[in-house]
Protein chains: 2
Amino acid sequence: MTVGRKRDETRDADILRAVLDVLVETSYAELTIEMVAARAGAGRGTIYRRWAGKDELILAAIACTDRTDLETGRLPDTGALRGDLLAMLDPDWLGSGDRRMRILASVTAMMSRNPDVSAAVSAAIVEPSVDAYRHLIQRAVDRGEADPAADVAAMAQVIPAMASHRALVLRQPVDLAFFTTIIDGVVLPALARRS
Amino acid sequence: MTVGRKRDETRDADILRAVLDVLVETSYAELTIEMVAARAGAGRGTIYRRWAGKDELILAAIACTDRTDLETGRLPDTGALRGDLLAMLDPDWLGSGDRRMRILASVTAMMSRNPDVSAAVSAAIVEPSVDAYRHLIQRAVDRGEADPAADVAAMAQVIPAMASHRALVLRQPVDLAFFTTIIDGVVLPALARRS
DNA sequence: CAGTTCCGCAACTATCCAGTACCGGAACTA
DNA sequence: TAGTTCCGGTACTGGATAGTTGCGGAACTG
């Protein structure tokens with residue numbers, strides 16, 4: 001039936017990973033197919049055979065970002081909100097978060113003009129984090145640790161928002177010290193029970 | 001002494017304003033000198049005679065953003081923190097803030113690679129806002145209204161951070177309802193005195 | 001008035017890059 | 001083995017644009 005050499009599907013992942021690697025270092029507009037091909041050890045023709053063009057390629061790369069670390073079942077459960085929040089901040093997580101922030105910066109301008117990019121970024125980068133924080137905070141409320149009147153939806157955005165602000169706008173390191181400051185200086189005070 | 005037709009210095013402002021107008025609609029990379037010239041009713045040669053190139057031009061445009069509205073002496077003083085924060089949110093301010101957020105989005109990618117752009121944006125767009133919020137919050141602490149143990153530096157970043165997150169990342173409107181939610185759901189709870 | 005510099009405009013060069021086409025070779029099918 | 005499709009690589013085309021140059025005219029100086 002189907003005749004000829006078969007397409008090597010494993011190259012897809014190599015190429016998409018190369019796209020993200022390039023986006024860590026350069027912006028959406030500056031990324032060229034040649035950079036991706038060189039990084040992936042592929043020919044440009046191979047890329048054009050699999051994706052319709054630059055936009056489709058980048059869109060696919062963003063969508064395949066791995067966020068299994070934030071699945072609800074894998075979130076920390078130390079018994080206290082402060083412990084849960086700090087438990088997320090292991091070096092691996094900080095490193096992958098830094099990578100995602102750089103990609104986010106490279107893609108921000110295009111998000112204004114291409115709703116598909118905006119949707120892909122939201123689904124792959126933004127929403128998983130906010131969902132995770134919402135889950136931890138809601139659990140603290142249910143446990144009676146946090147103020148039952150708290151605006152959980154708003155509070156769940158505080159850490160992602162301040163992290164992206166620090167990375168994208170202030171251009172300062174999003175490290176353990178920063179997260180600790182936000183947790184102890186903003187999040188926990190805002191959620192403390194009124195006595 | 002100096003011979004010949006004099007340079008019309010008033011065109012500088014027209015051209016720089018045109019740069020910002022274009023940046024509201026397109027990104028740093030997509031902006032062309034031709035777009036700026038057309039918008040300003042100028043020739044490309046006039047622009048190249050005044051600035052060394054595209055980077056210098058955009059840098060100058062960012063630096064000349066007007067923030068006189070945020071001078072310390074002009075900040076609201078209603079006697080209560082909530083009133084002060086809400087008093088900043090008149091329609092003019094929301095409109096100019098939206099404009100600045102769009103410019104910020106257009107420039108974000110270049111901030112990673114050009115420290116001059118990053119410095120210009122910080123000085124012209126970010127720092128004035130944070131300074132204003134810090135001033136209002138510090139005053140509330142001094143007045144005894146806010147928790148004296150509050151981390152004023154961290155809290156002053158909450159509103160700018162969540163606004164830029166909403167505009168740049170979530171692509172949702174940064175309007176009165178949003179600010180009210182943040183003020184009542186995050187800022188005021190975090191600053192409330194422990195009783 | 002003569003000479004100079006600015007102005008808007010248009011023509012021009014040089015570069016970069018998306019996208020296409022093809023090559024020789026490898027992998028696969030019948 | 002013959003024919004087909006994929007692979008990495010290279011050459012090519014076409015469009016966009018940064019930056020330069022020159023034109024005709026206006027503004028200014030002496």
**Q.** Contact check, side chains of A/D151 and B/V186, non-hydrogen atoms, under 4.5 Å
**A.**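 A side-chain contact under 4.5 Å is absent here.
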Return the value, rounded to whole Å, for the distance between atom [atom1] of [X] and atom [atom2] of [N].
{"X": "A/E56", "N": "C/dA18", "atom1": "CD", "atom2": "C1'", "value": "14 Å"}
{"X": "A/E34", "N": "D/dA11", "atom1": "CD", "atom2": "P", "value": "12 Å"}
{"X": "B/Y48", "N": "C/dA10", "atom1": "OH", "atom2": "P", "value": "17 Å"}
{"X": "B/R39", "N": "C/dC9", "atom1": "CZ", "atom2": "C1'", "value": "20 Å"}
{"X": "B/I33", "N": "C/dA10", "atom1": "CD1", "atom2": "C1'", "value": "17 Å"}
{"X": "B/R49", "N": "C/dT4", "atom1": "CZ", "atom2": "C1'", "value": "13 Å"}
{"X": "B/Y28", "N": "D/dT17", "atom1": "OH", "atom2": "P", "value": "16 Å"}

Q) So which one's nearest nucleotide on DNA chain C is more toward 5', A/G53 or B/A37? A)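 Result of the comparison: B/A37.
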Q.
By nearest heavy atom, map A/L31 and A/G45 onto DNA chain C; which one lands nearer the 5' end?
A. A/L31
Under 4.0 Å between a Lys/Arg side-chain N and an Asp/Glu carboxylate O for [X] and [Y]?
{"X": "B/R99", "Y": "B/D21", "result": "yes"}
{"X": "B/R74", "Y": "B/D69", "result": "no"}
{"X": "B/D14", "Y": "B/R11", "result": "yes"}

Q: Answer yes or no: does atom CZ of A/R139 have more than 12 heavy-atom neighbours from other residues, nucleotides or ligands under 6.0 Å?
A: yes
(Q) Using side chain to side chain donor-acceptor pair (under 3.5 Å), reason through B/S129 and B/R67 one step at a time and then give a plain yes or no. (A) CA-CA 9 Å; B/S129 289; B/R67 299 309 297 269; 3.1 Å; yes
Q. Quick one: the side chain of A/R44 and the base of D/dG9, do they pair up donor-acceptor inside 3.5 Å?
A.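 Flag unset: no donor-acceptor pair detected.
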Q.
Classify A/I47 by what it touches in the nucleic acid, base, sugar-phosphate, or nothing, heavy-atom distance under 4.0 Å.
A.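 Contact class for A/I47: none.
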Q. Are the side chain of A/S106 and the backbone N or O of A/V24 linked by a donor-acceptor pair below 3.5 Å?
A.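 No; judged by distance alone, with no hydrogens or angles, the pair does not exist.
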Q) Are B/T46 and C/dG8 close enough that a side-chain N or O sits under 4.0 Å from OP1 or OP2? A)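 The answer is yes; a side-chain N or O of B/T46 sits under 4.0 Å from OP1 or OP2.
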Q | Stretch residues 4-27 of chain A: residues that reach within less than 4.0 Å of DNA chain D through a heavy atom | A | A/G4, A/R5, A/K6, A/R7, A/D8, A/R11
